[in-house]
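Computed over heavy atoms, backbone and side chain alike; hydrogens, waters and symmetry mates excluded.
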Amino acid sequence: MRALKILPRPAAVACVLALVAACSPAETASVPRPGATATSSPSTSASTSTGPRTTPHGPPGEQPRTGEVRRVQRSGGLPPVISSIPTRRKVVFLTIDDGWEQDPGFVEQVRDRRIPITAFAMRDAVEAKGTPDPAGGPGKYVGAGKWGYFRQLRSAGVAIENHTLTHPNLRLLSQDAQRREICGSSQVIRKELGTRPTLFRPPFGNYNTDTLRAAKSCGIDAVLLWTATVQPGGKIAYQVPDKRLRPGDILLLHFRPNLARDFRILVEKIERRGFELGNLQAYLAAMAVDR
């Protein structure tokens, strides 16, 4: 199994993580499934019945099994930097950044198929301030729903986390300036959605010790990176020589044009390769730091 590089995390993270229900990284670092039913798997298609839809029980995605993931040994007071989950089970984790392209078809897929995903919202993207990255092509739903779109995602079971206010290269900023970006984002998300982020993804994967200190002061419990990115067309861009998925991989998507189509292709590709989609928050809670 690949080694996982994790930096220190704060003393209270074990308790907080248990409550937590672009780009290439510059640095890297079970419990029984409650109330699960056959419809709670992300590979289960939405019902085609004309009758009323029955809401599945339990959180979306696969839950960690007893003893599946090792606990993290704390070696300091700063949030850990996590790029993959330490498991040998064929499970991967989906994350999505920014918020420019607010495709309603994406929300429908996440909701109807109960697909576990974690979103890292960037204020300027969500509110359509500025210009989206042209790499994804011309958009159709740029900022269409603003924060209302993220309320729909939250209602569909998506955890909404922190990706700064303006997407700067944090390495070029002072600790105070970084703190304004991170704390400001958490304040906006709490105001708009009623929840305070506990995870942070640095823009471009760029961070330094000042970033970790600023994140800690803003109530962040862990900094999350990734092991592969998802490009237009649902193509996976790997960061390993053998170009394949590995257990515990964290995949990074963006809110780009044709998101609903690309997301469908991606999920089908992952399932064909025999992988399950894991609930990131549950796995992070199982990794809670040993004191």
Side-chain angles (χ1 to χ4, degrees), residues 1-7 9 17 20 22-29 61-62 69 72 79-87 89-100 106 110 115-122 125 133 135-136 158-164 167 169-171 182 197-208 211-212 215 220-256 259 262-263 266-267 269-270 273 275-284 287:
M1 181 172 65
R2 286 174 296 158
L4 171 68
K5 181 179 179 183
I6 298 182
L7 299 183
R9 66 191 304 170
L17 276 182
V20 177
C23 297
S24 68
E27 302 180 39
T28 317
E62 297 301 323
V69 295
V72 177
V81 178
I82 300 173
S83 59
S84 65
I85 302 299
T87 177
R89 182 179 175 186
K90 292 185 70 174
V91 59
V92 297
F93 304 87
L94 301 181
T95 65
I96 185 167
D97 284 8
D98 296 340
W100 290 108
F106 173 68
V110 171
I115 298 174
I117 192 163
T118 300
F120 290 86
M122 190 264 284
D133 182 351
V158 175
I160 311 299
E161 303 292 352
N162 189 320
H163 195 43
T164 73
H167 208 271
N169 181 346
L170 294 176
R171 285 182 170 182
I182 300 170
T198 56
L199 301 178
F200 173 64
R201 172 163 283 161
F204 315 109
N206 290 341
Y207 69 94
N208 54 24
T211 309
L212 303 181
I220 296 298
D221 297 323
V223 173
L224 204 76
L225 300 182
W226 58 92
T227 49
T229 60
V230 180
Q231 304 302 316
K235 180 180 179 181
I236 301 175
Y238 302 96
Q239 298 178 13
V240 290
D242 53 5
K243 306 297 182 184
R244 63 182 178 88
L245 286 176
R246 298 185 180 188
D249 274 350
I250 296 173
L251 276 61
L252 165 62
L253 300 90
H254 287 88
F255 287 92
R256 285 177 169 157
L259 176 58
D262 291 353
F263 190 66
L266 172 68
V267 172
K269 181 183 298 184
I270 291 171
R273 296 178 183 179
F275 282 82
E276 300 172 298
L277 300 176
N279 185 298
L280 179 62
Q281 282 66 34
Y283 272 80
L284 289 174
M287 291 168 58

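With rounding to the nearest 0.5 Å, the separation of CG in L280 from CD1 in I117 is 10.5 Å. Remark: T198 OG1 to I220 CD1 distance equals 6.5 Å, nearest 0.5 Å. Here the straight-line distance linking atom CZ of F263 with atom CG of L94 works out to 5.5 Å at 0.5 Å rounding. Atoms CG and CE, from N162 and M122 in turn, are 11.5 Å apart once rounded to the nearest 0.5 Å. Atom NE2 in H167 sits 8.5 Å away from atom CG in D133 (nearest 0.5 Å). Atom CZ of F200 is separated from atom OG1 of T211 by 7.0 Å, given to the nearest 0.5 angstrom.
With contacts defined as side-chain heavy-atom distances shorter than 4.5 Å, the pair L170/F204 does not qualify. The shortest distance between side-chain heavy atoms of R273 and R244 does not fall below 4.5 Å. In this structure, V158 and I96 have side chains that are not in contact, with every pair of non-hydrogen atoms separated by 4.5 Å or more. I85 has its side chain within reach of L284: a pair of non-hydrogen atoms, C-beta onward, lies under 4.5 Å apart. Proximity of V230 to L252: side-chain heavy atoms (C-beta onward) are nowhere separated by under 4.5 Å. Within the 4.5 Å cutoff, no side-chain heavy atoms of T95 are placed close to those of E161. Counting heavy atoms from C-beta outward, R89 and V69 have side chains that stay 4.5 Å or more apart. Considering only heavy atoms from C-beta on, L212 comes within 4.5 Å of V223 through its side chain.
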Checklist entry - Could you walk me through whether R201 and D97 pass the salt bridge (charged side-chain N to carboxylate O under 4.0 Å, His left out) check? => result CA-CA 8 Å; R201 172 163 283 161; D97 284 8; 2.9 Å; yes

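For the pair G61 and P116, the tightest heavy-atom approach, listed with the atom from each and the gap, is CA-CG, 3.5 Å. Shown here for S83 and T227, the closest heavy-atom pair between the two residues is O-CG2, 3.0 Å. Listed here is the closest heavy atom pair of P232 and R256: CD-NH1, 3.5 Å. When all heavy atoms of L225 and I250 are compared, the pair lying nearest together is O-CG2, 3.6 Å. The two residues H163 and D98 come nearest to each other via the heavy atoms CD2-OD1, 3.0 Å.
Not one N or O on the side chain of E276 forms a donor-acceptor pair closer than 3.5 Å with the backbone of E62. Distance alone, capped at 3.5 Å, places no donor-acceptor pair between the D262 side chain and the L259 backbone.
The ring-ring contact (aromatic ring centres under 6.0 Å, His included) test with F93 is passed by exactly one of W226, Y283, F275: Y283.
Between T118 and Q281, the side chains place a donor N or O and an acceptor N or O closer than 3.5 Å (distance only, hydrogens not considered).
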